[in-house]
Amino acid sequence: MSGALDFLSPGLAEPAAVARSSLERCQRDAGATFEERGGWLVPVSIPGEDAHLAHVGIADLSHVTKLEVRPAGDAPEAPGSVWYPLSRRRALCFCHVPQLAEVRAQLADRLVLDVTAAYAVLALQGPEAPTLLRRLTHLHHFPSGGDVAHVTAHVLEQAPSYWIVVAQEYGHYLWEVAVDRAGPLGGGPVGVDAIGALR
């Protein structure tokens, strides 16, 4: 299903429009290099990322397409997509822009809302990622939702990364907390190309 709310979809935006993550200022402060991908300004590399990834790198995946699907039902079979049931009534589906048409076609019998701009996504990757996650939350099985650094978020294990999905208005705060707690572990910010994420 689509229609009246299609104007909310970054994937359907005019070519001149470039979406920006709520974490863009954090990336700029870290010296990020940006590229436009799928209608988003994406931080592709950050100075010092190799040293950070040897411990734990933190990347901003807010540009990854996020679809809210109602009812949840079965996951689409598009390779590389990520399915996260929130309940029997709702699920989130993550995919990259080239997959979007295929995913939407498979979900054509359900209500699908593009909520990409509503959520920030932080990816934690590296040998110390589990340690950093323990410093941020009491959650110990994934996927699950609950308190992450005192805000409500969802944590998904997408090996070799953990994704923290949070309302975009808390993204800046959560980024700062994660980077602060990663520092003593030798970690810090990385670009999306360094972790080989959905792009």
Side-chain angles (χ1 to χ4, degrees), residues 1-2 5-6 8-13 19-24 27 35-44 57-108 110-125 129 133 137 139 141-146 148 151-171 174-175 178 190-199:
M1 258 186 222
S2 62
L5 298 178
D6 282 352
L8 294 172
S9 173
L12 299 177
R20 298 169 187 267
S21 163
S22 63
L23 305 177
E24 180 193 1
Q27 316 303 318
E35 288 182 9
E36 184 181 338
R37 294 183 180 173
W40 281 79
L41 198 61
V42 178
V44 295
I58 306 166
D60 176 16
L61 301 187
S62 299
H63 66 287
V64 172
T65 300
K66 308 163 201 78
L67 304 174
E68 182 173 319
V69 182
R70 300 184 185 196
D74 294 329
E77 297 179 1
S81 63
V82 176
W83 185 253
Y84 175 45
L86 297 166
S87 70
R88 292 172 63 182
R89 297 180 59 190
R90 296 171 56 225
L92 289 176
C93 181
F94 302 82
C95 66
H96 55 72
V97 171
Q99 292 176 302
L100 186 55
E102 180 182 355
V103 169
R104 280 188 171 274
Q106 292 186 33
L107 298 172
R110 291 177 257 179
L111 176 65
V112 177
L113 300 175
D114 189 321
V115 294
T116 303
Y119 293 100
V121 179
L122 279 64
L124 313 181
Q125 185 169 313
L133 199 55
T137 182
L139 298 174
H141 65 280
F142 312 106
S144 62
V148 178
V151 296
T152 300
H154 300 276
V155 181
L156 292 71
E157 186 172 5
Q158 293 301 309
S161 301
Y162 294 94
W163 290 7
I164 303 175
V165 182
V166 65
Q168 63 87 17
E169 57 265 31
Y170 297 118
L174 192 56
W175 173 272
V190 300
V192 298
D193 287 357
I195 65 169
L198 288 176
R199 328 182 204 168

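On a predicted model such as this, the values are computed, not experimentally measured, just so you know.
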Determine, stepwise, if the pair Arg20 / Trp40 fulfils side chain to side chain contact (heavy atoms under 4.5 Å, CB included).
CA-CA 6 Å; Arg20 298 169 187 267; Trp40 281 79; 5.7 Å; no
Apply salt bridge (charged side-chain N to carboxylate O under 4.0 Å, His left out) to the pair Asp193 and Arg37, showing each step before the final yes or no.
CA-CA 12 Å; Asp193 287 357; Arg37 294 183 180 173; 2.8 Å; yes
Are Phe94 and Trp163 an aromatic pair by the rule of ring centers under 6.0 Å?
yes
Does [X] reach the side chain of [Y], with side-chain heavy atoms less than 4.5 Å apart?
X: Leu124; Y: Ser161; result: no
X: Val192; Y: His63; result: yes
X: Ser21; Y: Leu41; result: no
X: Leu23; Y: Ser62; result: yes
X: Leu122; Y: Asp60; result: no
X: Arg104; Y: Val112; result: yes

Minimum-distance pair of heavy atoms, taken over all atoms of [X] and [Y]:
X: Tyr162; Y: Ala129; value: CD1-CB, 4.0 Å
X: Val69; Y: Leu107; value: CG2-CD1, 3.7 Å
X: Leu156; Y: Pro143; value: CG-CB, 4.1 Å
X: Pro85; Y: Ala91; value: CA-CB, 3.8 Å
X: Leu61; Y: Ala123; value: CD1-CB, 3.6 Å
X: Val165; Y: Tyr119; value: CG1-CD2, 3.8 Å

When rounded to the nearest 0.5 angstrom, what distance separates CZ in Phe142 from CD1 in Ile164?
8.5 Å
Atom OG in Ser144, atom OH in Tyr84: separation rounded to 0.5 Å?
6.0 Å
Under the criterion side chain to side chain contact (heavy atoms under 4.5 Å, CB included), I'd like the reasoning laid out for Leu67 against Leu92: C-alpha separation, chi angles, the key distance, then a yes or no.
CA-CA 6 Å; Leu67 304 174; Leu92 289 176; over 6 Å; no
Show your reasoning for whether side chain to side chain contact (heavy atoms under 4.5 Å, CB included) applies to Val166 and Val121.
CA-CA 6 Å; Val166 65; Val121 179; over 6 Å; no
Would you check, one step at a time, whether the test side chain to side chain contact (heavy atoms under 4.5 Å, CB included) holds for Cys95 with Leu100?
CA-CA 7 Å; Cys95 66; Leu100 186 55; 4.2 Å; yes
Any donor-acceptor pair under 3.5 Å from [X] side chain to [Y] backbone:
X: Ser22; Y: Gln168; value: yes
X: Arg89; Y: Ala72; value: no
X: Gln106; Y: Glu77; value: yes

Which is it for Lys66 and Glu68 under the salt bridge (charged side-chain N to carboxylate O under 4.0 Å, His left out) test, yes or no, and what are the steps along the way?
CA-CA 7 Å; Lys66 308 163 201 78; Glu68 182 173 319; over 6 Å; no
